[in-house]
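Let me begin by presenting the structure, written as structure tokens, before commenting on it.
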Amino acid sequence: MKIQVVCLLGMIGMVVCTQPALAQILVEQGKISETVAPGGTHAGVIAVHNTADQPIRVKAYLEDFQYQPPFDGKKLFSPAGAAPRSIAKWFRFLPTEFDLPPYGKKEIHFTAKLPPDAKGGYYGVLFFEKTEQNLKDVTGVNIITRVGTLLFFESQDKKKKSHVGNLTAKGNAVAGIFKNGGDIIMIPQGTYFVLDGEGVPVDRGEISKFYLPPLESAAFSIPLAKELTQGQYSLVITFDLGEGDSVVKELDVRKNSDDSMTILQERD
């Protein structure tokens, strides 16, 4: 019986998982994100490290991933080529299997060549896995350890389109829906601030991040400070879409005597 433990690493020394043994294989690039012209090619290198004092044999292989509802970062992994926006057809890398000496490093060279009719984004994950399993848990079950690099390749003529709507007041919070109407994965960075009648900021915060595939939607909620006194305020919601793009929504809201909120007007 085997248990798969998947761990995606961000930078050297930062391990996302809690399994200490997983740090034996470490990748410098937790994510590669590139914009490529249709028909163009991008070449690069991924550095893989052995952080332990024992040699290991590592195999590299490609899989697809798709973000899953409620789009809080959870991923579904599947065989390469199975997902509708898989990079598998156009991604090549070498070597596919190699030895790492104690505290050693290996560079994996890759190319991603988008087809001439490429539109939007193409994605995948390149995994690195120990081929000789010496790790067991307390019950004696073998544990497969692997780390990965997320791959984001998007065409220059990608369509980045979004909409913020369905805004409603729920208690002392304002809720809404963010829709990705484009053809790439969006990971918007949401923030908000509240102004009183004099234009003075009285509340601000961040909106929980979500990871939206094309044409998908995610719900968000903004809990406003309970300390706000009864009266009228302006709520400004901003989603940073990256590359200098953003979407902004401005609301006039009223704090009621029962601490609930009422939306009076909304503007783009």
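It should be emphasised that the depicted structure is a prediction, and the values quoted were computed from it without experimental measurement.
Without hydrogens or angle criteria, D258 side chain to S260 main chain gives a donor-acceptor distance under 3.5 Å. Side-chain atoms of K105 do not come within 3.5 Å of backbone N or O of V48 as any donor-acceptor pair. At least one donor-acceptor pair closer than 3.5 Å links the side chain of S155 to the backbone N or O of G120. In terms of modelled atom types and a separation under 3.5 Å, the side chain of Y233 and the main chain of V202 share no donor-acceptor contact. Looking at Q156, its side chain never comes within 3.5 Å of a backbone N or O of P38 through a donor-acceptor pair. At least one donor-acceptor pair under 3.5 Å links the side chain of N180 to the backbone N or O of P213. A donor-acceptor pair is defined here as one N or O able to donate and one able to accept, closer than 3.5 Å; no such pair exists between the side chain of K209 and the backbone of G73. Listed for the E97 side chain is no donor-acceptor partner under 3.5 Å among the backbone atoms of P95. No side-chain donor-acceptor contact under 3.5 Å links D53 to the backbone of P102.
Note on I263 and F178: same hydrophobic cluster, where clusters join Ile, Leu, Val, Met, Phe, Trp and Tyr whose side-chain heavy atoms are under 4.5 Å apart, directly or indirectly. In the hydrophobic clustering of ILVMFWY residues, with side-chain heavy atoms under 4.5 Å counting as a link, L76 and V125 come out apart. Using a 4.5 Å cut-off between side-chain heavy atoms of Ile, Leu, Val, Met, Phe, Trp and Tyr, with links allowed through other members, V253 and V236 fall into different hydrophobic clusters.
Side-chain contact between Q24 and N50: present, with at least one pair of heavy atoms (C-beta onward) separated by less than 4.5 Å. Contact of the D72 side chain with the S208 side chain is not registered, since no non-hydrogen atoms from C-beta on lie closer than 4.5 Å. In this structure, the side chains of F110 and I32 come closer than 4.5 Å at one or more pairs of heavy atoms. For the pair T149 and E28, the minimum side-chain heavy-atom distance is 4.5 Å or more. Within the 4.5 Å cutoff, the side chain of L251 has heavy atoms near those of the E266 side chain.
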Note to self: Go through it in stages, so that I can follow the logic: the residues are V27 and F128, the test is side chain to side chain contact (heavy atoms under 4.5 Å, CB included), and I'd like the CA-CA distance, side-chain angles, deciding distance and then a yes or no.
What the structure shows: CA-CA 9 Å; V27 292; F128 303 95; 3.5 Å; yes
Item checked: Verdict with reasoning, K255 to M261, per side chain to side chain contact (heavy atoms under 4.5 Å, CB included) -> CA-CA 5 Å; K255 175 75 174 289; M261 305 296 298; 3.5 Å; yes
Next item on the list: Tell me, with the steps shown, if K226 and D259 meet side chain to side chain contact (heavy atoms under 4.5 Å, CB included).
Entry: CA-CA 7 Å; K226 294 183 178 181; D259 287 335; 5.8 Å; no
Note to self: Pair E243, K158 - check salt bridge (charged side-chain N to carboxylate O under 4.0 Å, His left out), show working.
What the structure shows: CA-CA 12 Å; E243 301 175 318; K158 62 190 174 186; 3.1 Å; yes
Check: Can K75 and E63 be said to form a side chain to side chain contact (heavy atoms under 4.5 Å, CB included), step by step?
Finding: CA-CA 12 Å; K75 306 173 190 69; E63 286 193 4; over 6 Å; no
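In this model, a donor atom of one side chain and an acceptor atom of the other lie less than 3.5 Å apart for Y123 and E154.
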Output a table of donor-acceptor pairs, distance under 3.5 Å, between side-chain atoms of residues 188-199 and any protein atom two or more places apart or on a different chain; print 'none' if there are none.
unit_1, atom_1, unit_2, atom_2, d
D196, OD1, E198, N, 2.9
D196, OD1, G199, N, 3.1
D196, OD1, V200, N, 2.9

Residues 78-85 side chain polar contacts: donor-acceptor under 3.5 Å, at least two apart:
unit_1, atom_1, unit_2, atom_2, d
R85, NH1, K119, O, 3.1
R85, NH1, G121, O, 3.0

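Residues R204 and P201 come closest through the heavy atom pair NH2-CB, 3.5 Å. Of all heavy-atom pairs spanning L100 and H49, the tightest one is CD1-C, 3.9 Å. For the pair A112 and F91, the tightest heavy-atom approach, listed with the atom from each and the gap, is CB-CD1, 4.1 Å. Pairing each heavy atom of A225 with each of D203, the nearest pair is N-OD2, 3.0 Å. Here the shortest heavy-atom pairing between D240 and S246 reads CA-CB, 4.2 Å.
Environment of NZ in K161: sparse, with no more than 12 heavy atoms of neighbouring residues, nucleotides or ligands closer than 6.0 Å. Annotation for K106: atom NZ does not count as buried by contact number, only 12 or fewer foreign heavy atoms lying within 6.0 Å.
Here the CZ atom belonging to R146 is positioned 3.5 Å from the OH atom belonging to Y61, to the nearest 0.5 angstrom. Atom NZ in K249 sits 9.0 Å away from atom CD1 in I237 (nearest 0.5 Å). To the nearest 0.5 angstrom, I222 atom CD1 is 5.0 Å from L235 atom CG. In this structure, CG on L151 lies 6.0 Å from CD1 on I46, to the nearest 0.5 angstrom. Atoms NZ and CD1, on K159 and I184 in that order, are 11.0 Å from each other to the nearest 0.5 Å. One distance of note links NZ of K179 with CD of E216; it measures 7.5 Å at 0.5 Å rounding.
Relative to the six-membered ring of F152, K31 meets both conditions, a distance below 6.0 Å and an angle of at most 45° to the axis.
Ring orientation note: the planes of H42 and F153 are tilted relative to one another, at an angle of 30° to 60°. Ring-plane geometry between F239 and F210 is classed as tilted, the angle between the planes lying from 30 to 60 degrees on a 0 to 90 degree scale. F65 and Y67 have perpendicular rings, their planes meeting at more than 60° on a 0 to 90° scale where under 30° would count as parallel.
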